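These numbers were taken from a predicted model, which means no experiment stands behind them. All values below were derived from every heavy atom in this structure, side-chain atoms included, with hydrogens, water molecules and symmetry-related copies excluded.
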Amino acid sequence: MVVGAFPIVKLAYLAVRQVSKPLANVLKQRAKKSPVFRRYVCMPPAQFYHWLEVNIKMRMLGLGKPDEVAPLNEAAASELGAEMLGEFTIFLIGAGTLLLEYARQSRKEKRKEEAAEARLREIEARLDELAHHAENQKEEINIISKEMIKLPSLGILSKKDKPKS
């Protein structure tokens, strides 16, 4: 039974993605515990998301643009912000993994193309060499033919043995 090469790179990517979930959870917990992180990193995107969500929902329901959107309380905003941070972390790691895989495949494809081009150049060089060799042989045949035409006049061949040209 023939087994292909084990895709160790893909396994490593899968491991990185699996590690990203606990990493995101650690970030969420730290974001909830740190007042600075909570206030300046988690809450502003959460408040913006809440404002955007309310505006879009109101317009979709045909209720028009709201005059003012009440901000989320600090606990809800920090919870939403921490959740968004965790999801963003998982997304970034997934996107990074995807980009690395794309780059790896591109390099692999480029090496394959370079090998094919090198092989083509090698074949073309060999063809040129064979064409040059054939040309040299043609010239040698012409020289030998001319010499054979001279042979009967030198008395080496009889007229009936004379080569046809």
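Remark: Glu122 engages Arg119 in a salt bridge, criterion side-chain N to carboxylate O under 4.0 Å. Ion pairing of Lys110 with Glu113 is absent here, as no side-chain N (NZ or NE/NH1/NH2) approaches a carboxylate O to less than 4.0 Å. A salt bridge between Arg126 and Glu129 is present, with a side-chain N of the basic residue lying under 4.0 Å from a carboxylate O of the acidic one.
No continuous path of hydrophobic side-chain contacts links Leu85 to Val26 [ILVMFWY only; heavy atoms under 4.5 Å]. Following chains of ILVMFWY side-chain contacts shorter than 4.5 Å, one cannot reach Phe37 starting from Tyr40, and the two form parts of different hydrophobic clusters. A single hydrophobic cluster is seen to contain both Ile56 and Val54, as judged by linkage of ILVMFWY side chains at heavy-atom distances under 4.5 Å, directly or through other members. Linking ILVMFWY side-chain heavy atoms closer than 4.5 Å, directly or via other members, places Leu61 and Leu52 in a single hydrophobic cluster.
The side-chain heavy atoms of Glu101 and Thr97, taken from C-beta on, include no pair separated by under 4.5 Å. Counting heavy atoms from C-beta outward, Glu124 and Leu127 have side chains that stay 4.5 Å or more apart. You'll find the side chain of Lys65 stays beyond 4.5 Å of the side chain of Met58, heavy atoms only. Side-chain atoms of Tyr102 and Leu98, non-hydrogen and from C-beta on, never get closer than 4.5 Å to each other.
The distance from atom CZ of Arg121 to atom CD of Glu114, rounded to the nearest 0.5 Å, is 8.5 Å. The distance from atom CD of Glu68 to atom CH2 of Trp51, rounded to the nearest 0.5 Å, is 12.5 Å. The line from CG of Leu72 to CD of Glu53 is 9.0 Å long, rounded to the nearest 0.5 Å. Atom CD1 of residue Ile144 and atom CE of residue Met148 lie 9.0 Å apart, to the nearest 0.5 angstrom. Interatomic distance, Leu99 CG to Leu92 CG, rounded to the nearest 0.5 Å: 10.5 Å. To the nearest 0.5 angstrom, Glu79 atom CD is 11.0 Å from Arg38 atom CZ.
Between the side chain of Gln47 and the main chain of Ala77, no donor-acceptor pair closer than 3.5 Å is present. For His50 (side chain) and Ala70 (main-chain N/O), a donor-acceptor pair under 3.5 Å exists by modelled atom type.
In this view, Lys108 and Gln105, Arg111 satisfy the side-chain contact (heavy atoms from CB on, under 4.5 Å) rule, not counting sequence neighbours.
Considering all non-hydrogen atoms of both residues, Cys42 and Pro45 come closest at O-CD, 3.4 Å.
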